[in-house]
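A quick note: this is a predicted structure, and the numbers were derived from the prediction, not measured.
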Amino acid sequence: MENAPECTPSPSESTQPPSSAREPEVVPPGDSEGCARPLNTVPKKLCGYLSKFGGKGPIKGWKCRWFFYDESKCHLYYSRTAQDANPLDSIDLSSAVFDCKANAEDEGTFEVKTPNRVITLKAATKQVMLYWLQQLQMKRWEFHNSPPALPVTPAAGQSGNESTLHLKLEQEAELEEFLCPVKTPTGLVGAAAALQPVPAMPSALQNISLKHLGTEIQNTMHNIRGNKQVQATGHGPLVDESSQGGEPLISDPNTPAKEPEEPPKPASRSSLSPSPMQKPKRQNNTFPFFSDGLARSRMAQEKSVALEQQVLMLTEELKSQKELVIILHKALEAAQQEKRASSAYLAATEDKDRLELVRHKVRHIAELNQRVETLEQDRERLAHESGLLEQQVQVLQQQVQLLMDKNQAKQQVICKLSQKLTEDLVQEDQPASAANGDFLSQQERMEHLKDDMEAYRTQNRFLNSEIHQVTKIWRKVAEKEKALLTKCAYLQARNCQVESKYLAGLRRLQEAAGADVGELPELLRQLVQEALQWEAGEAPDSVELRSISEYDDYGFLTVPDYEVEDLKLLAKIQALEVRSHHLLALDTVQRPLRERWAALTELAPSAELKQLLRAGVPREHRPRVWRWLVHRRVQHLHSPGCYQELLARGQTCQHPAARQIELDLNRTFPTNKHFTCPTSSFPDKLRRVLLAFSWQNPAIGYCQGLNRLAAIALLVLEDEESAFWCLVAIVETILPAEYYSKTLMASQVDQRVLRDLLSEKLPRLTTHLRQHHIDLSLITFNWFLVVFADSLISDILLQVWDAFLYEGTKVVFRYALAIFKYNEEEILRLQDSLEIYQYLRFFTKTICDSRKLMSIAFNDMNPFPMKQLRQLRAIHQERLEAELRELELLKAEYLERQASRGRAVPESCVSEDEGEGDG
């Protein structure tokens, strides 16, 4: 086993940015040794010779191939030699993973695994193998993180280089966490490897690819043609600039280039034009040719080395000249100071001034003498300390000498004992020598195991880095897939909108055509039939669009099966609009809403919770939220085992309402598969819930409409006991008392309250309905009785229930007014009472935009105080009770009159049967 690859201190030493240029540049020797270089130099190319395992039959084995990485496609091309014109094949690295084999028989073996095949490669040494693996990892990462191609501008090019450099440094830093970057193997990789001789193979036939025989023949003809051109010119490598290929050719990469003394003579037309066999392949620009630049690169290297030596010499000379300048500068300053002192002495006119200058000089000399004395004292002190240290060093040297003498004596004793032990071992018999041999073999095995352990450690580090990078690539691909799915959802929504507009147009044309005789009604019927039968799932295989599902998440039909053809078309339009609104809101509304609900771990009454409930609860959180809402309402009524006791009571004796419950079971949600499928368990659960409630509340027992309330609770909560308590919460705590009594007193009161609120909030619509004598209670009474269970589509219905279970009946009034506001313009356009009634019968099913309806209910209908609602209820309840009392009085008077008149029947009115006697 070889030693572990040498680590470099700089991450930039192991990889260089790739280039998409066709002709590789030969890097200076400093770069090939893994040294750092400026960023503006030409980046090194990933290319070199590797052995590839392949072939069939007797020629199966390792084949030497020249590999070259193409940045633009993230492909690793390979050919037989570096001078071949066309590649034999390529390996797609964008979806490949890499694996190094620590237990392989041949050292330096690694694998490149693509979705289609596994390619086994072998490098010359372990270091070269690790270098290739790290470089391939980086190239793959750069390809996945490279931004889309944009028009090249200086600013864009500079920013692109900065982003590429940032990604490169980030990737190198991550690789260093797992495996140290490997130095660039000198002469074995990069463009310089093309200057080396092709690695020899046992036989020339073994290195030929029979699978790509046509390419091999073309490359051979290309090389022969290049050799002939070189022999014809008598110069160095001949560059072929023919228009078809445009690729420079070289005759021998090992021959250094020479400067031509005179221009070469024009070659003949036949020698310059490519052969017909080669012409189609010469236009393939995915694999580069190597020109005479490879041969001339040696001279460039020699020149660069000479220039570097000259630069070093000039640098040393410049340093010495700078030191000389500093010394001369100091001498010049001393001379100038002396000159200034002499000038001042000579310039003095009086002896007093000269005497003062002399005194100043004397004082200066005295100061200097003091400094000299101080420095002398410091020197003596330092000399004394130095002497002490020297004495200590001598003492330590003596101690070291004693230790060395002791060590030498011990070594001699050890040598004597080892010699004696060897003599004793030699004198032992054969079993002892065999044991010694086992000991040595054990040592060898330990050494081999240590080498294997080091190899496996290196393999483990590389595989960890590979797993880390593949995971990051997978996450990035997942993000791209998520973005594409969002875009696809948006396009599907637009498609649904266009299709719904198309169907609406057909419907209007159908209405306009009426019963006219001609080809138009027949054509419209044909178009409508095709539109009803068409589904997005019938699109071509290349376009995967999700068709409208037959049932929604809660089992309701998305396109109701109406018998009337016009309503069938309307149902399809509604389903398309619902889907388009859902797809458009998926990313902008639903995803943030889900994130907010996921972050809401504990439920507690608050303004934020109210807003979230009004916006709707995601399907995955709705059962948990509803259980909490129901528990808040019935915690004073709830007792453990209560539901089971009520069921047990129903088994002992039959409730009077059991027959009516049984009749209503089959009429509960005929458009929901959970209540129409014969094998479904929901009808049995619903029966038990309704029977338990009839025993729980004998005053009500059972009333038509309770089956729909319990069914909605079952669809969401799925647990029948939770559905039972939800029904109890609605009937006994949320809705007013006597809402489901025999007289339906509270239900009638709410209809009158709704009529007053409609007059206040929507006066135009109220006036229009009064003009046509429309009684809205015929439509809205069932809304309040079952809380819109039969009226709205499931998505909007459950959003209404989310707020209803928290805020109470005020939500029902808000949404009832919002439904009329949503369709106000459509109703105002109708001018016939029969048409208005027909439209009001199904117009709630046309509401598709839940966000718009919610905004109308909770924004446009404001202010909506609960105090006003209570006052209106009290007023109308008092009036209704007075009316009922008056009816009771009239009924009593009528009964009294009937009793006073008696039940005698006139003789003339007796029938023949009554008048016949027994005889």
So, for [X] and [Y], which heavy atoms are closest and what is the spacing to 0.1 Å?
X	Y	value
Tyr49	Cys64	CD2-SG, 3.6 Å
Ser90	Tyr78	N-CE2, 4.1 Å
Lys73	Phe143	C-CE1, 4.1 Å
Ser79	Pro87	CB-CA, 4.1 Å

Sub-4.5 Å side-chain heavy-atom contact between [X] and [Y]:
X	Y	answer
Gln135	Lys139	yes
Tyr69	Cys74	yes
Glu308	Leu312	no
Trp62	Thr109	yes
Glu447	Glu444	no
Leu46	Tyr131	yes
Leu130	Phe110	no
Leu50	Trp132	yes

Original post:
Would you say Tyr77's side chain and Asn86's backbone share a donor-acceptor pair under 3.5 angstrom?
Top reply: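 Side chain of Tyr77 to backbone of Asn86: no pair is present.
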
Original post:
With the threshold set at 4.0 Å, does a side-chain nitrogen-carboxylate oxygen contact exist between Lys52 and Asp89?
Top reply: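 Here Lys52 does not pair with Asp89 in a salt bridge, since their nearest N and O are not under 4.0 Å apart.
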
**OP:** Begin with the C-alpha distance, continue with both residues' side-chain angles, and end with the deciding distance and a verdict on side chain to side chain donor-acceptor pair (under 3.5 Å) for Asn116 and Thr114.
**Re:** CA-CA 5 Å; Asn116 301 324; Thr114 66; 5.3 Å; no

**OP:** For Arg445, look at atom CZ and say whether over 12 heavy atoms of other residues, nucleotides or ligands are found less than 6.0 Å away.
**Re:**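 Atom CZ in Arg445 is not packed in, count stays at 12 or less.
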
Original post:
Heavy-atom count around Glu385 CD within 6.0 Å, excluding the residue itself: above 12?
Top reply: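 More than 12 heavy atoms, drawn from other residues, nucleotides or ligands, come within 6.0 Å of this atom.
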
Original post:
Only one of Thr81, Leu88, Leu121 forms a side chain to side chain contact (heavy atoms under 4.5 Å, CB included) with Arg65, so which one is it?
Top reply: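 The option that passes is Leu88.
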
Subject >> Contacts of type side chain to side chain contact (heavy atoms under 4.5 Å, CB included), residue Gln443, not counting sequence neighbours >> reply: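 Expected list: Phe439, Leu440.
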
In a table with atom names and distances, give each donor-acceptor pair under 3.5 Å that connects a side chain of residues 407-421 to protein atoms at least two apart or in another chain.
unit_1: Ser418; atom_1: OG; unit_2: Ile414; atom_2: O; d: 2.8

Original post:
What is the distance from atom NZ of Lys113 to atom CD1 of Ile119, rounded to the nearest 0.5 Å?
Top reply: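 Reported value, rounded in 0.5 Å steps: 11.0 Å.
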
